[in-house]
Every structure is written in C-alpha cells, then in structure tokens.
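One structure below.
Sequential numbering from 1 along the given sequence is applied to the chain's residues. The structure presented is a predicted model; accordingly, all values stated were derived computationally and were not measured.
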Amino acid sequence: METLINAAIPWAFGFPKFNASNKHRVKPRIVRCLRKNDEVNGLFEAPSQMDLEGHAHMKMSQSPESEPDTKHNEIWQLFREAQRNILYLNKQRLMAVEELKKAEREKEKLLDRIQKLEEENQADAGKDKLSILWELLLRIDSMVLKGMIDTGEASDFRRLVMNSNAIVADVFFDLMQRKDVELLAELRHFSDKNKRNGFHIVHICTEMVPVVSVGSLASYVTGLSHALQRQGNLVEVILPKYASLDLDEVQGLREIEAEFYSYFNGQLQGNRIWTGVVYGIGVTFIQPVRYSTFFTRERLYGYPDDFERFSYFSRASLDYIVKSGKQPDVLHIHNWETAIVGPLFWDVFVKQGLGGTRIMLTCHDFGSQCLEQPDKLALCGLDSSRLHRSDRLQDNTKGHLANILKGGVVYSNKVVIMSSMHSKESIIRSLGHGLESTFTIHKDKLLIAPYGFDKFTWDPSRDKFLPENYTADNMKGKAVCKVALQQHLGLTEHASVILVGCIFSEVSDVDLENLKEVVLIASRRDVQFVFTRLSKVPSKNTSLDSFLEEIKDENVRFIDKCDEALSHLIFAGSDIILCPSFHDPMLQVPLKAMRYGAAPIAITSIGKRFRHVVDHDFQSTKLSQFLNTTFAYMSLNEALDEIVCSLLNWVADFSFVEHFTLD
C-alpha cells in the first residue's frame with residue numbers, strides 16, 4: 001500500500017502525460033521498494049535505458065525534448081530529500097519517546113524513594129517516649145563531657161527529665177536533631193518555664209477524644225490537655241472504664257496489680273485501675289468491681305441511675321488521687337456528671353494532703369443539671385443536712401431537690417462557661433436555666449470561653465478532603481468544590497446555582513414545619529438544598545420521613561449517614577449554611593460556615609420567618625458581635641437576594657474568622 005501511494009505521488013506534482021503532440025514518448029520510471037539495514041522502507045529509482053547510455057552522450061547539450069526528464073529528476077530529488085527529513089524526524093520522535101519513558105521510570109523511582117522516606121519518618125514518629133527520654137539523657141551526659149555544663153546543672157536536668165517524662169518527651173520530640181548548643185538552650189528555657197509556670201492538672205471527666213466521645217466535651221478535654229502540656233504543665237485525665245472504649249490510640253495500656261478501694265453506699269468498694277497514654281497525656285481508667293454494670297451499657301448517659309453511676313466515679317477518682325499520693329494544683333471537673341467533686345473535695349478530702357489544690361468547673365451545657373433527692377448525697381459520703389440549703393445544693397426552683405450542677409458552681413474556685421455568643425452579664429441575667437441567682441452571687445469566679453475547633457483540620461486552604469483548596473484571596477477553588485458536591489449528590493452541575501446546606505446532629509434540633517415552608521418557597525427560585533444529619537449510622541424518624549416526602553424535589557437531597565469527608569465538602573460547596581442555632585457547642589456550624597466562605601443563617605423560628613434574635617450585649621465577644629450584626633436578622637430569602645444581587649459583602653472574611661478560632 002505504501003508503495004502504491006509513493007508511486008502515485010509524482011503525478012500529483014504535474015508530470016507530463018502522453019499525448020499526440022509529444023514527439024518522443026517518455027518512458028515510465030520504474031520505482032521499487034527497498035529496505036535498508038535498520039531503516040524503514042524507502043524508495044529507490046531503478047535506472048532506465050537512458051541512464052545507462054555512455055558518458056559522452058550525457059554531456060551532449062540537452063534538447064528541448066529532454067526538459068520533462070530534467071523536471072522529473074528535480075522533483076524526485078526534492079521528494080527524496082523530503083523523505084530523508086521525514087525519516088530523520090521520525091527517528092527524533094522515537095528518541096524523544098524513549099527519553100520520556102526514561103523520565104517516567106526515574107519518576108517512579110523517585111516516588112518509591114519518597115514513599116520509603118515517609119515510612120521511615122512515620123517509624124521515627126512512632127518511637128516510644130522512653131527512647132526519646134534516654135536519648136535526651138545521653139545528650140546531657142555528652143554536654144558534661146564536653147564541658148558545656150557542670151555536674152550540678154546536669155543533675156538538675158536529669159531530675160527534670162525523670163520527674164516530668166511525659167511532658168519532656170512531647171516537647172523535645174522534634175528538637176533531638178538540633179546541635180548541642182541549641183538543645184542546651186531549649187533545656188534551660190524549659191527548665192525555667194517549668195519552675196515558674198508548671199502546674200499539675202487532673203481532669204476528672206466522662207469523655208475524651210479518641211477513646212470515648214459523645215459531644216463537645218471529649219475534644220475539649222483532649223485539646224486543652226495537649227495545649228497545656230505543650231506549655232510545660234503536667235496534665236492527666238481520669239475516666240470511667242466504659243465497655244465501649246476505643247483503645248486503639250491508648251499506648252501502654254495495663255492494669256495496676258494492686259488493690260484499690262473507694263467509698264460508696266456505706267462500704268468500701270473494690271475497683272480495678274488501668275493506665276495508659278493517649279496523645280502524650282497520661283490517662284487512668286477506673287473500673288468498678290461490685291457495681292460493674294455502671295459503665296458496661298450501650299449509652300454513656302440517659303439512665304435513671306446516672307447520679308449513682310457518676311457520683312460513684314467522682315468519689316472513686318478522689319480516693320484514687322489521695323491513695324496514689326498525688327497533690328495536683330488543679331482538679332478540673334466538667335458538667336454535672338463530675339460536679340459533685342466540688343462538695344466532696346471541700347467537705348471530705350481537702351485535709352487529706354490536698355490543701356494546695358483548687359477546683360475548676362467547666363459548664364458546656366446548662367440544659368442538664370441533675371436534680372436528685374437530697375438523701376442520695378449520702379451514697380458518696382456527703383451530709384445532706386449540711387448541703388441542702390439555698391446557698392449550697394438546694395435547687396433554686398424545686399426546693400425539695402438537690403441540684404448537682406449548682407453544687408459544682410458553689411464549691412468551685414473558678415467556673416468556666418462555654419459560650420461563643422453570649423456575654424457573662426447576659427448569662428447571669430437570663431440564660432442560666434434557673435441558676436441566675438447562683439451566678440449573681442458567684443459572678444466574680446465566672447469566666448466565659450468561646451467554643452472553637454481545630455483550625456488545621458477545618459481550613460479550606462489546606463483541607464485534605466477538598467478537590468481543590470482556596471482562600472479568601474482566591475475563591476476559584478470554592479466553585480470547584482460546589483460542582484464536585486453537585487456531582488456527588490446528582491444535582492445540576494453549575495457553579496452559578498445557589499446551593500444551601502443544612503447540617504444538624506439530631507432531627508429534634510430542627511423546626512421541620514417552618515423549614516418545610518421556607519424550602520418550598522426557595523426551591524421555586526431554582527435553589528438547591530442538601531440536608532444531612534452528622535451520624536455514623538442511619539436512623540428512622542417518622543416526622544423526618546414526612547418532611548422529606550413533602551419537600552421532594554429534583555433540587556433537594558437528604559443524607560442520613562454523613563462521613564467526615566462529605567461534611568467538609570458540604571461546607572466548602574455551599575453558598576449558605578442553615579444552622580439550628582448560633583449557639584452550637586457540638587458542631588460549631590456557624591464558625592465553620594464562615595471559615596469556608598458560606599453565610600450562616602439561623603433557623604430559629606419567630607413568627608413565619610427564619611430569625612435569630614440575639615441580645616446585643618456590649619461585652620459580647622467580637623466574633624459574636626460580627627455574627628449578630630451581619631447574620632442574626634437575615635432570613636433565608638434575604639440571603640438569597642443578597643447573592644442574586646451580587647452583594648456579597650456579608651460573606652465572612654477568612655482572616656477574621658481565623659483570628660477567633662481556637663487551636
């Protein structure tokens with residue numbers, strides 16, 4: 001076929017055809033296909049009889065009749081040159097392909113090398129703390145031999161390492177590769193800071209990420225403990241030994257082979273004690289023997305005997321601290337579940353070697369305060385006749401009952417109230433859920449702390465779950481995320497379509513009737529909706545099923561089982577995020593929405609509109625003031641109008657939100 005094509009080419013260049021006017025018939029040129037060594041097929045022109053004539057004849061002056069042959073030769077010469085060029089280019093192409101393959105092979109080798117290095121780094125990161133401590137002790141020996149420090153200072157350093165080994169291993173993990181001079185400077189700095197500011201803090205609590213988590217308390221305890229240890233404090237946590245604990249992240253878990261008894265219900269009760277390390281934080285687990293069913297249940301909370309369960313744990317924690325010889329500077333207790341530690345400490349334990357210890361209570365939620373019959377206080381060793389008074393544990397509304405959370409407030413040295421939206425004065429005045437008069441009396445010990453979240457995990461500029469990252473200065477990636485979310489949900493894929501997300505923890509948090517009306521109105525404007533309940537398992541809810549059936553539309557999607565990756569994509573892909581409330585201790589939806597460039601709109605119903613009326617207190621946090629003045633009085637339809645009119649001045653500034661986001 002190639003020969004046929006090559007043979008036909010010369011006629012395309014205008015070779016003379018035979019006709020009657022030609023005096024001499026031009027003999028056809030014979031073209032053969034030859035193969036040279038290691039070369040592709042080429043063309044070879046066979047000699048004609050004219051070419052074989054003598055040399056003398058070729059020197060004869062050419063007649064006009066020979067002009068066609070001359071043109072013929074010139075064209076063939078051009079054709080051969082073109083063919084040589086093609087062969088040369090083809091050879092160059094093959095060489096380029098080979099170079100590309102070589103580069104690919106080198107790339108694969110480089111990727112393999114990078115993977116090996118990452119595996120080695122992970123192996124190094126997994127080095128046990130004891131190895132780090134011994135490496136540091138040997139470096140101290142080296143400094144003595146080099147004359148950098150004297151034996152007295154070396155002894156102080158060794159004592160510091162051994163007495164604060166958990167903190168030292170955490171702080172110096174990334175510093176061991178430094179030179180001796182730099183490491184010595186860090187040792188001296190750490191030693192000075194430890195002498196000045198080092199506190200021994202013990203959390204007595206019911207949750208801790210990642211071993212057991214239900215609400216915001218778990219991440220708060222772990223995050224705060226880790227941050228305090230990084231500052232040179234010694235922090236440990238005491239937890240119940242739940243049967244549902246996730247022990248994968250607990251290093252060195254072991255049971256202490258020693259008898260330990262605590263007081264409960266008029267007798268000494270046996271307990272098993274387990275210890276381990278979680279994210280560099282020492283953790284103690286208390287497991288009752290006789291009352292073993294207290295913490296082997298399906299749920300953490302919500303049982304009729306919750307007071308008995310957690311008062312047992314609180315008393316056992318204090319007994320353990322005393323019997324193990326600990327003398328912490330701070331006992332940090334949380335919510336009503338361990339609030340009974342306050343009265344127990346001051347009435348029973350303060351004179352048992354804990355005179356220098358102080359109590360701090362953190363309240364994450366006033367909705368649950370635990371009201372119980374006063375005589376139940378005797379279960380853990382308290383005298384109800386002394387405590388059931390209006391200035392102590394007697395409930396402010398139901399005087400015949402004891403309020404356990406109130407007892408924690410009264411008997412703590414400091415009380416931290418978690419709130420991102422409300423000031424101290426507004427909580428004391430009207431948001432204390434019946435504790436307002438108690439807060440008024442103890443207002444000097446009250447502190448307000450805003451909720452926060454991990455700014456490294458929830459950051460659109462580096463979020464590993466997003467198809468493309470973005471920042472406030474470059475929002476192109478947000479459009480990509482929206483299209484990716486639309487594609488995942490089977491919605492019309494277009495970045496210009498307004499997409500509204502709604503994230504909640506429980507269906508009961510949402511006014512479904514009000515939400516239905518607003519969704520039906522907004523869907524007429526070609527607005528897309530995605531509703532999701534953040535849960536690891538789907539659930540059945542009749543009211544929710546009815547709601548979804550009534551709003552059924554091609555632009556509405558509901559996800560009953562949402563994982564972490566999808567929740568990140570919903571924040572990044574949505575233009576508006578509907579929030580059950582701006583006071584959101586668990587999910588922190590408003591803060592995350594602003595961080596990802598979405599407008600948070602509260603779905604608290606007032607009349608027929610979506611509103612969130614907030615008391616504008618002059619001492620509110622700057623973040624709450626920004627949320628209130630920008631979004632509190634905006635309905636969903638108004639937010640849609642703002643977007644349609646391209647008036648996006650209310651979209652949160654990322655750098656502003658970052659300033660108020662806790663680590």
Side-chain angles (χ1 to χ4, degrees), residues 202-229 235-251 253 274-287 294-303 306 309-310 313-314 317 332-339 362-365 367-368 416 418 420 449 451-458 465 503-506 508-509 532-539 560-568 571 580 583-589 591-592 661-663:
V202 177
H203 289 275
I204 302 177
C205 54
T206 56
E207 298 179 40
M208 178 188 186
V209 166
V211 291
V212 56
S213 176
V214 173
S216 59
L217 171 61
S219 58
Y220 173 80
V221 169
T222 305
L224 179 61
S225 300
H226 193 263
L228 289 172
Q229 283 209 151
V235 184
E236 57 182 304
V237 177
I238 302 178
L239 290 167
K241 181 72 164 57
Y242 300 105
S244 58
L245 289 176
D246 182 356
L247 301 175
D248 291 342
E249 297 294 337
V250 181
Q251 297 178 344
L253 180 66
W274 302 74
T275 61
V277 178
V278 178
Y279 296 165
I281 304 163
V283 181
T284 300
F285 302 99
I286 297 179
Q287 181 180 10
F294 273 177
F295 303 111
T296 58
R297 305 175 187 180
E298 182 180 358
R299 305 188 310 271
L300 264 62
Y301 315 117
Y303 296 98
D306 274 358
R309 297 169 66 219
F310 294 111
F313 166 69
S314 298
S317 298
H332 197 160
I333 57 181
H334 304 267
N335 297 333
W336 80 259
E337 286 83 3
T338 55
T362 295
C363 297
H364 292 255
D365 182 15
S368 181
V416 179
M418 303 300 296
S420 297
Y451 288 102
F453 53 86
D454 187 350
K455 69 178 182 180
F456 296 102
T457 301
W458 293 93
F465 295 112
I503 299 176
F504 53 90
S505 57
E506 296 296 337
S508 58
D509 297 338
T532 182
R533 184 178 69 89
L534 290 184
S535 175
K536 295 182 179 180
V537 294
S539 66
D560 193 31
K561 183 180 179 182
C562 184
D563 57 22
E564 185 177 5
L566 183 55
S567 66
H568 282 245
F571 278 108
H583 181 70
D584 179 11
M586 183 171 179
L587 302 180
Q588 298 117 38
V589 171
L591 300 180
K592 294 175 183 176
T661 302
L662 298 179
D663 290 340

Distance, nearest 0.5 Å, that separates CD1 of I238 from SG of C205: 9.0 Å
Can you check whether V214's main-chain N or O pairs, donor with acceptor, with E207's side chain at less than 3.5 Å? yes
Determine the minimum heavy-atom distance between P240 and L245, stating which atoms define it. O-CD1, 4.2 Å
Determine the minimum heavy-atom distance between T222 and Y279, stating which atoms define it. CG2-CD1, 3.8 Å
P210 to D246 - nearest heavy-atom pair and separation: O-CB, 3.8 Å
Quick one: are Y301 and T206 in side-chain contact, heavy atoms under 4.5 Å? yes
Any heavy-atom pair between the side chains of V283 and V211 that's under 4.5 Å? no
Sequence neighbours excluded, the answer for side-chain contact (heavy atoms from CB on, under 4.5 Å) partners of S314 is T338, I340, V341
Minimum heavy-atom distance I281-S225, with the two atoms named: CD1-CB, 3.5 Å
Are side-chain heavy atoms of H332 and T362 found at a separation under 4.5 Å? yes
Supply the atom-to-atom distance S219 OG to M208 CE, rounded to the nearest 0.5 angstrom. 11.5 Å
Check: H364 main-chain N/O paired with N335 side-chain donor or acceptor under 3.5 Å: yes
Quick one: CD1 on I333 to NE2 on H203, what's the gap to the nearest 0.5 Å? 12.0 Å
Parallel, tilted or perpendicular, as decided by the 30° and 60° cut-offs, for the rings of F295 and F313: perpendicular
Interatomic distance, CH2@W336 vs CG@D365, rounded to 0.5 Å, equals 12.5 Å
Can you check whether S244 reaches L300 side chain to side chain, under 4.5 Å on heavy atoms? yes
Taking all non-hydrogen atoms of both residues, which atom of R309 and which atom of R299 are closest, and how far apart? NH2-O, 4.2 Å
Is there a side-chain contact between S567 and T532 (heavy atoms, below 4.5 Å)? no
Out of L239, V202, I204, which residue meets the side chain to side chain contact (heavy atoms under 4.5 Å, CB included) rule with S317? I204
I need the minimum non-hydrogen distance between Q229 and V235, along with the two atoms involved. OE1-O, 3.1 Å
With R297 as the cation and Y303 as the aromatic partner, state whether NZ or CZ is under 6.0 Å from the six-membered ring centre and within 45° of the axis. yes
